[in-house]
Each structure stands twice: as C-alpha cells, then as structure tokens.
Number of protein chains: 2
Amino acid sequence: MAKASPVTRNDVAEYAGVSSAVVSYVVNDGPRRVAPETRERVLEAIRVLGYRPNATARALRMGTTQTFGLIVPDSGNPLYAELARAIEKEASARGYVVLQTNAGGDPTVERTKIAELVARRVSAIILATPTEEPELSETDVPVIALNRPVTGATSLIPEYREGARIGVEHLIGHGHERVGLVMGLDLTGWRPERELGWRDALEQAGLPEGPIARGTFTRQGGYEAGRRLLKADRPPAVFVSSDLQAVGVLRALHEARLDVPGDVAVLSFDGTAESEFSWPPLSVIRQPIERIAKDTVARLVDGQTGIEQVTYPTELILRRSCGCGEG
Amino acid sequence: MAKASPVTRNDVAEYAGVSSAVVSYVVNDGPRRVAPETRERVLEAIRVLGYRPNATARALRMGTTQTFGLIVPDSGNPLYAELARAIEKEASARGYVVLQTNAGGDPTVERTKIAELVARRVSAIILATPTEEPELSETDVPVIALNRPVTGATSLIPEYREGARIGVEHLIGHGHERVGLVMGLDLTGWRPERELGWRDALEQAGLPEGPIARGTFTRQGGYEAGRRLLKADRPPAVFVSSDLQAVGVLRALHEARLDVPGDVAVLSFDGTAESEFSWPPLSVIRQPIERIAKDTVARLVDGQTGIEQVTYPTELILRRSCGCGEG
DNA sequence: TTGAAAGCGATACCAA
DNA sequence: TTGGTATCGCTTTCAA
C-alpha cells in the first residue's frame with residue numbers, strides 16, 4: 001500500500017528518472033511543455049507512488065492558500081449554518097476550502113479569530129458577525145462583510161429596512177390596525193434596521209406603533225419576548241425580527257391557546273428552512289443567502305475587492321402564519 | 001499603518017538587530033533561552049512591525065497544520081450544524097482550526113473531499129458521513145469516524161439501536177399497542193440500527209410491527225412519509241428516526257387536524273435544538289453530540305489514534321409530543 | 001546567549 | 001524539452 005503523505009515530488013522525479021521541475025510541469029500543466037512520453041512516465045510514477053502534492057508547500061511558495069476564513073457568531077444557528085453551507089458550496093466549486101470559526105458574539109474572540117486566520121494566511125476573510133467594527137487595519141487580507149457595513153471592507157447587505165417595511169405592510173394589508181414587534185437586542189446600532197422598516201410601514205399607514213418586546217436572537221429569546229407581548233396589550237399581528245425568535249413566539253402563542261393567524265398573525269425575517277415547517281408555516285421576508293454567498297465567493301476569487309457597499313432585495317414569502325396560504 | 005502579511009521574521013530580526021533564530025526563540029519560548037533584554041527588543045520589534053508568524057511556513061517545516069478536516073453530508077442540516085459547532089468549539093480551545101466540507105451524500109464527492117483534505121495536510125480527518133466505506137487506504141492521516149463503524153479508523157458511535165429501543169419502549173409504556181415507524185431511506189446497511197431498536201422494543205412487548213413509512217432524512221421526507229402513514233392504517237404512536245423528519249411528520253399531523261399526542265404520540269431520534277421548539281415540543285432520544293465532539297478532539301490532539309470502536313449512551317428527553325410534559 | 005545554516009516541498013526562472 | 005537551483009518563511013541543530 002502506498003503511503004501518501006511522505007511521498008514528495010522528488011520521489012516521483014527519481015522514480016520517473018526526470019528532474020523535479022518536470023514533475024511540476026506535468027502536475028500543473030505548465031509553465032513549460034513536456035514531451036508526451038516523459039509526461040506519461042511521470043504520470044505513471046505519480047500513480048504508482050500515490051503522490052499528492054503538498055498544498056502546504058505550495059501555499060508557502062505561491063503565497064496563497066486558496067482558503068477562505070469564515071467568521072460567524074454561531075454556526076449552530078440555522079441562519080448561519082445555511083449561510084456557511086452556501087459559501088462552502090460556492091467555494092468548493094472554485095477550488096477553495098473554508099475555515100469556519102465561531103466568534104460567539106464576543107468582539108474579543110472575534111479579534112482573536114481574525115488574527116488566527118490572518119496568521120494562517122487565508123486568501124480572504126468573510127465576516128458575518130454583527131459585532132462592532134473589527135480591527136482590520138493591521139491586515140491586508142481582503143475582507144468581505146456580510147449583513148452590515150464595515151469601513152475598509154466590501155459589504156454585501158440584505159435590504160433589512162425595506163424588507164421589514166414590505167413585510168409589515170403586508171400584515172397591515174390583512175386589515176390589522178396594530179402590529180407588534182419582537183426584536184433582537186440592539187447591540188450594534190445596525191440591526192435596528194428591521195425595526196426602522198417596521199416603523200416606516202406603520203407611519204406610512206398612519207398607524208400607531210404597536211407594542212415592542214425585545215429578546216436575544218434565539219428561540220428562547222423569542223419565546224420570552226412573545227410571552228411578554230401577550231401579557232401586555234396583545235396585538236392582532238406581530239412582526240418578528242428573525243425566524244428563530246418567531247419559532248419561540250409561536251410556542252408562546254400555542255401555550256396560550258391562541259390561534260395563528262386567527263388570534264395573532266405572525267411574519268418574520270430570514271426565511272430559513274425551519275420556518276417552512278413550523279406550525280403554522282411562517283410567512284417570511286427571505287434573505288437571498290445563496291445569492292450573497294455566490295457573489296461573495298465570486299468577488300473574492302475574481303479579486304474584485306474594491307471597497308463598496310452592495311444591497312440585496314429580499315423576498316416576501318407568504319405562508320399560513322400571516323393569514324395567507326392554504327389555511 | 002503596518003502591513004501584516006509581508007512582514008517576515010527576518011524583518012523583525014533585522015529591526016531588533018538579532019538573528020532570525022533568536023526571533024524564533026522568543027516567539028516560541030524556546031528551544032533556547034534568550035536574554036531578557038534581547039527578548040524585550042524582539043518583542044518591541046514585533047509590536048512595531050506588526051509581525052505575525054506565517055502559519056503556512058511553520059506547517060511546512062513542522063509537518064503539522066494544526067487543522068482538522070471535517071466532512072459532513074450537509075452542514076445545513078441542524079444535526080450536523082450542531083455537531084460542527086461543537087467540534088469547532090473544542091478544536092478552537094486546543095489551538096486547532098477546522099476545515100469544514102460537505103459531501104452531499106455522494107460517495108464520489110466524499111472521496112474527492114478526502115483527497116483534498118489529505119493534500120492540504122490536515123492533522124486529522126473527522127468523518128461524519130453515512131456513505132459506504134470510504135477510501136482511506138492511500139493515506140496515513142488519522143481518521144475518526146462518527147456515527148458508524150469504519151474499518152481502519154476509530155469510530156465513536158451513539159447507541160442507535162438501544163436508544164431507539166428505549167424510546168419505543170417509552171411510547172409503549174403510554175399504553176399504545178401499535179407504534180409506527182418513520183425511517184430514513186436505507187442506504188448504508190448501518191442506519192437501520194434505529195429500525196432494529198424499534199423492532200426490539202416491539203418484540204419485547206409482544207406487539208406486532210406497526211406500519212412503516214420511509215423517506216429522505218429531511219423535513220420534507222418526513223412530511224411525505226407522515227402523510228403516507230396516515231392514509232394507511234393510522235397508528236396511535238410513531239417513532240421517527242430523526243428530528244428533521246419528525247418536524248415534517250408533525251406538519252402532516254397538523255394538516256390532518258390530528259392532535260399530538262392525543263391522536264398520535266410522536267417521539268424522535270437526535271435531540272437537536274429545533275425539536276425543543278416544535279409544536280408540540282418533541283420528546284426525543286438525544287445523541288450526546290457535545291461529548292462525542294469533545295472526545296473526538298481529545299483523541300486526535302492527544303494522539304490516541306488506536307483503532308477502536310466506542311459507543312455512547314443516548315438520553316431520553318420527555319416533552320409534550322409523547323404524552324408527557326406539561327400538557 | 002546568539003548566529004549560521006540546513007532543510008520542509010513546491011515553483012519557476014535561467015541555462016543547457 | 002529538460003535540469004539545476006534560488007526562494008517562500010520558519011524551526012532547530014550545531015558552533016561560536
């Protein structure tokens with residue numbers, strides 16, 4: 001049995017009776033031409049010895065690792081899991097690989113992770129964390145930020161505000177004169193975009209601002225916020241800032257034996273797979289995760305690292321929870 | 001502003017007026033002692049120049065990348081997302097980083113991914129895919145397989161069969177004389193472990209085998225299987241082989257206006273976070289994901305790569321869907 | 001305590 | 001068309 005790791009290009013060269021340079025030419029299809037016959041001998045040697053080029057050495061020599069570093073708050077969160085999945089898919093198709101790390105919402109950890117990725121010479125860093133301005137100054141690794149603007153980096157951002165506005169507008173269209181809001185804790189000064197969209201729709205319809213309940217960006221956080229919202233002055237409709245929280249809100253509603261959408265209509269932001277199979281299925285404002293993932297990788301691979309800010313329209317998906325759908 | 005990438009150890013040496021060896025001694029705290037004063041000069045130089053050791057060069061020289069390669073079928077699947085999260089957490093705590101890839105359930109892709117990881121000289125491969133025996137022979141990279149036995153590798157496996165048996169036994173304990181089964185498609189000859197556990201419990205209680213419906217390991221697959229199960233001879237209880245499918249089954253039940261657990265009791269295998277917030281909350285057999293992740297990383301880091309097979313007991317978590325819980 | 005230098009494995013230029 | 005070789009940045013042995 002051929003052992004892979006220890007077999008070097010020199011072993012191959014020796015076996016094939018050529019110089020190591022020729023092996024390179026064959027493996028990389030260049031930069032020099034190789035006589036067909038020699039080429040065959042080399043390929044044969046590679047096969048027999050089970051040679052695999054050492055990507056580490058290659059990276060050192062070439063100065064590029066063909067690797068993306070991805071930082072998310074929590075890859076256990078379906079939204080980020082789906083994002084990571086989409087990015088890995090695109091990256092893989094282009095010969096890149098992704099180093100995935102979790103910052104856990106802690107700016108200090110985030111800084112550490114960035115440093116780690118830089119030390120490992122990733123080709124680029126994809127930042128999908130919602131924390132404050134990261135330290136990028138000491139680095140010349142390309143950075144693309146998702147979900148929020150970051151100075152000194154390209155940012156690809158869903159239209160949070162407009163998406164939220166459209167969603168709330170839809171709820172209002174169902175005839176609800178009050179629309180509550182379940183919102184994530186405001187840590188960044190950026191996430192309130194969704195809250196602003198909610199306000200926009202209300203104002204535009206001449207409606208008063210419904211009750212607001214805040215909680216962490218988790219199912220549990222949504223559950224607790226939902227309970228608080230019910231205890232107070234229950235609104236006939238609620239806009240929730242994330243699917244995860246919405247799932248928690250649904251639970252609170254079910255426990256209170258309230259009908260959705262009959263007693264309370266619900267619509268949330270994100271559009272993860274989980275939202276489609278909650279009960280009732282959630283109407284959502286869907287983030288174009290795949291498109292963003294695709295563009296992110298394309299920009300990075302093609303070296304379009306000019307600093308700019310690009311926004312992505314969201315999509316309103318109507319299911320049962322808002323009063324639409326087959327129910 | 002200091003540019004990080006191009007700053008090498010030689011730049012630091014020059015700036016500090018020492019040899020590059022000394023910089024190494026300082027950075028690595030060894031293998032030679034350095035005079036305190038010299039040390040200070042070097043640290044100062046590092047600070048001023050913004051030097052970051054090139055992990056690529058280090059890996060080449062040391063022969064280890066301090067990187068784990070993780071292969072899962074689909075990191076968008078919450079079960080694998082949670083597993084990946086747990087592994088990343090443990091790995092990170094020990095200075096490792098994880099390269100995460102998706103095989104998408106395709107053995108060919110899986111082979112490609114393994115080759116890619118080997119080429120990149122990962123320190124070890126963690127295989128969490130359910131496909132057939134992978135090609136590991138050409139490699140001397142340590143491999144740990146999760147979820148199934150793999151010849152030539154250490155395997156850490158939850159007690160699928162016994163866990164399923166305990167779960168079904170619990171359903172039977174609720175007085176149900178028939179327990180249906182929603183099972184994943186049998187692709188591997190290994191996953192039916194859960195099906196065997198279901199049979200064990202039935203046999204042990206002297207009950208006939210209830211109806212079986214099979215579908216993909218997805219929410220949609222569970223939904224479709226659930227519908228089929230209802231059309232036929234509806235059982236009063238169902239054991240579902242994964243949370244994801246169970247969520248689909250719940251949807252089918254809701255659409256049929258059946259009460260859970262009143263009309264049909266449900267219990268599933270996995271215990272992902274999603275199961276806790278479905279409606280009603282799912283009773284589950286929980287896989288000890290964190291323990292497995294922790295042991296996996298510990299074994300790899302400590303070099304316990306002896307080939308063995310370790311099993312992990314599961315945990316029965318009772319919630320509302322089986323008839324327990326506060327409802 | 002510090003420096004010089006030999007590699008780790010691959011790339012690609014310059015000669016031949 | 002092919003070979004020799006400098007180089008990428010770092011670790012570590014051996015001398016000084």
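Computed from a predicted structure; not experimentally measured.
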Atom pairs and distances, side-chain donor-acceptor, residues 17-25 of chain A, under 3.5 Å, sequence neighbours left out:
residue : atom : partner : partner atom : Å
A/Ser19 : OG   : A/Ala21 : N            : 3.2
A/Ser20 : OG   : A/Arg9  : NH2          : 3.2

Taking for each residue the nucleotide of DNA chain C with the nearest heavy atom, is it B/Arg33 or A/Met62 whose nucleotide lies nearer the 5' end?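 Between the two, 5'-proximity favours B/Arg33.
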
Does [X] reach a base, just sugar-phosphate, or nothing at all? Heavy atoms under 4.0 Å.
{"X": "A/Val18", "result": "sugar-phosphate"}
{"X": "B/Ala21", "result": "base"}
{"X": "A/Arg58", "result": "sugar-phosphate"}
{"X": "A/Arg61", "result": "base"}
{"X": "B/Thr38", "result": "sugar-phosphate"}

Using whole Å, report how far CG of B/Asn54 lies from C1' of D/dT7.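 Between C1' of D/dT7 and CG of B/Asn54: 14 Å.
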
Checking B/Glu116 against B/Arg120 for the salt bridge (charged side-chain N to carboxylate O under 4.0 Å, His left out) test, could you report, in this order, the C-alpha distance in whole Å, the side-chain angles of both residues, the deciding distance, and whether it holds? CA-CA 6 Å; B/Glu116 168 92 43; B/Arg120 286 176 185 263; 2.7 Å; yes

Between the base of C/dC13 and the side chain of A/Tyr25, is there a donor-acceptor distance below 3.5 Å?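 Pair found.
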
Below the 4.0 Å mark, does C/dG3 have OP1 or OP2 next to a side-chain nitrogen or oxygen of B/Ser19?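 Answer yes for this pair, as a side-chain N or O of B/Ser19 is under 4.0 Å from OP1 or OP2.
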
Ion pair A/Lys89/B/Asp74, N-O distance below 4.0 Å: no

Counting only heavy atoms not in B/Glu14, do more than 12 fall under 6.0 Å of its CD?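 No, because the 6.0 Å sphere around CD of B/Glu14 holds 12 heavy atoms or fewer from other groups.
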
